[in-house]
Amino acid sequence: MKNYSKLTPEGVRDVLFDQCRAHREAQRRLASLFARRGYREVVTPGLEYYDVFSLPGAAIPQQDMYKSTDSAGRLLVFRPDSTLPIARMAAARLQNHQRPLRLYYCQSVYRAWPALWGRSHESAQMGVELLGARGLRADLEVIGAGAEALRAVTGDFRIELGHAGLFRLLAGRLDISPERREELRATIETKNYGALGELLDPLGDSPEVRAIRRLPRLFGGEEALAEAESWDLQGSAAEALAYLRKLYTALQGLGLGSRLMVDLGLVQRNDYYTGVVFSGYVQDQGGPVLTGGRYDRLCGQFGPDMPAAGFALDMDAAAELVEAQLPAEAPPEWLVHGEPGWEAQAQGELLRLTAQGKTCQASVWETREEALAYARAAGIPQVLWVGEATEAILAGGGEE
């Protein structure tokens, strides 16, 4: 039997050195941003009951989840999504808190993506949830926070804006099964025009079919909205388009300019979105690094109805962007070496130097020669000898 003790499971990886620095720096920037905007941090368990993710209208495909059981045989999953547990937590723990709730999180999610998708099965995410508020002001707050989150890690990004309700309303007028509707959603999301045509051709030539056929092609600026408005849709579909134009115009006032686009083919894979949806993109990343939207009916699955909106930012992508901005990590300023019998005193000197803000390493070598050779190889400029006489020298040679 093959031994896997030196390998990581498929779809996960170790994170080392500068990558860790970049993750911490990205987290620091975003935590500071979210806190300044009045959001408070929460953490949900890495293990949740399967039932949290199998509710009607909020279900995540079972094959996408990593599953286990507890000691009583109850089905558990490794957290595949952060929004659903936060909705559960808000219903169970925060019912008596003043609305709206402004929450942010930094935690990993676990998804068993198909092998050829090239996506990590463990993804660190950081995001916000605004619960208990609806309307233009709330959507502007959440999307504005998303834009600032992207700006905190890169100067080059764009945000695409869509409306989950538009596809749902159009598809709801077609005589198709829920499974076929999800197939339509997937082909629109991936802009697979050939597969979309094959699904729609047997349904005839109704206004809804023509509109759905055009959805993945409608992206850009106001011209995308103008074409959709020319379809002369009625009722809720027309209201969704009108609201999207209003929101697009308001977001232009935030100075997003050419960074803001409309994509009516933006139909999020998570079915709990009910209104505006948005995605953030940066250069050299194959997919969105930020996804979010409005989900007004999700909290009602766990307790009283509560409108909500939020987004999640892929922290692996954010760290990659931040890593390119970080200066090279400097070596320690001092190596502290204790002579035989003076090891404890050397630790005392190291504590004194670190209390002054110096960066130090303790020598683990037996002789001065070994310690000095290590300092030179590691680029440590100064060595402090601690013994009968304490002296500092330059690792390159000569006393300081």
Does [X] reach the side chain of [Y], with side-chain heavy atoms less than 4.5 Å apart?
X	Y	result
F219	L264	no
D81	V52	no
S82	Y105	yes
Y50	R74	no
L84	R88	no
L103	M89	yes
D201	R213	yes
D139	R294	yes

- Would you say the side chains of S32 and R36 form a donor-acceptor pair under 3.5 Å? yes

Within a reach of under 6.0 Å around [atom1] of [X], are more than 12 heavy atoms found that belong to other residues, nucleotides or ligands?
X	atom1	value
D70	CG	yes
K246	NZ	no
Q95	CD	yes

Any donor-acceptor pair under 3.5 Å linking the side chain of [X] with the backbone of [Y]?
X	Y	value
S68	L76	no
E223	L218	no
Q301	P56	yes
K67	M65	yes
T190	A186	yes
T187	L184	yes
R180	P178	no
Q285	Q283	no
Q107	T44	yes
E183	R181	no

- Task: Could you point out which residue of V383, L384, T354 forms a side chain to side chain contact (heavy atoms under 4.5 Å, CB included) with W334?
- Result: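 Per the side chain to side chain contact (heavy atoms under 4.5 Å, CB included) rule, the option paired with W334 is L384, out of V383, L384, T354.
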
Rounded to the nearest 0.5 Å, how far does [atom2] of [Y] lie from [atom1] of [X]?
X	Y	atom1	atom2	answer
Q361	E333	CD	CD	12.0 Å
H337	W365	NE2	CH2	11.0 Å
L298	M306	CG	CE	9.5 Å
E239	L244	CD	CG	13.5 Å
L353	Q382	CG	CD	9.0 Å

- For the pair W385 and T390, evaluate side chain to side chain contact (heavy atoms under 4.5 Å, CB included) and give the outcome as yes or no after the intermediate values. CA-CA 5 Å; W385 306 121; T390 296; over 6 Å; no

Using a 6.0 Å distance limit plus a 45 degree cone around the ring axis, check whether [X] lies over the aromatic ring of [Y].
X	Y	value
R259	F157	yes
R158	Y281	yes
R217	Y193	yes
R210	W231	no

- When every non-hydrogen atom of S363 is compared with those of A371, the smallest separation belongs to OG-CB, 3.7 Å

If you measure from the Lys or Arg side-chain nitrogens to the Asp or Glu carboxylate oxygens, is any gap between [X] and [Y] under 4.0 Å?
X	Y	result
R297	D305	no
R214	E227	yes
R29	E25	yes
E122	R111	no
R102	E129	no
E48	R79	no
D316	R13	yes

- Message: I'd like to know if L150 and L321 are part of one continuous hydrophobic network [Ile/Leu/Val/Met/Phe/Trp/Tyr, side-chain heavy atoms within less than 4.5 Å].
- Response: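 Shared cluster, yes.
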
- For the pair Y248 and Q252, evaluate side chain to side chain donor-acceptor pair (under 3.5 Å) and give the outcome as yes or no after the intermediate values. CA-CA 6 Å; Y248 176 83; Q252 289 287 354; 3.0 Å; yes

- Message: As a quick check of understanding, evaluate side chain to side chain contact (heavy atoms under 4.5 Å, CB included) for F278 and T291, giving each step before the final call.
- Response: CA-CA 6 Å; F278 57 98; T291 57; over 6 Å; no

- Query: Would you call the rings of F34 and F311 parallel, tilted or perpendicular if under 30° counts as parallel and over 60° as perpendicular?
  - Reply: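 The arrangement is perpendicular - the two ring planes meet at more than 60°.
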
- Query: Partners of D51 by salt bridge (charged side-chain N to carboxylate O under 4.0 Å, His left out), sequence neighbours excluded?
  - Reply: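 For D51, no residue satisfies salt bridge (charged side-chain N to carboxylate O under 4.0 Å, His left out) once neighbours in sequence are set aside.
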
- Proximity of Y39 and Y104 rings by center, below 6.0 Å: no

- Message: Between Q19 and V15, is the side chain to side chain contact (heavy atoms under 4.5 Å, CB included) condition met? List the steps.
- Response: CA-CA 6 Å; Q19 294 172 331; V15 181; 3.6 Å; yes

- Begin from the C-alpha positions of H121 and W113 and carry the test side chain to side chain contact (heavy atoms under 4.5 Å, CB included) through to its verdict. CA-CA 6 Å; H121 293 195; W113 299 105; 4.3 Å; yes

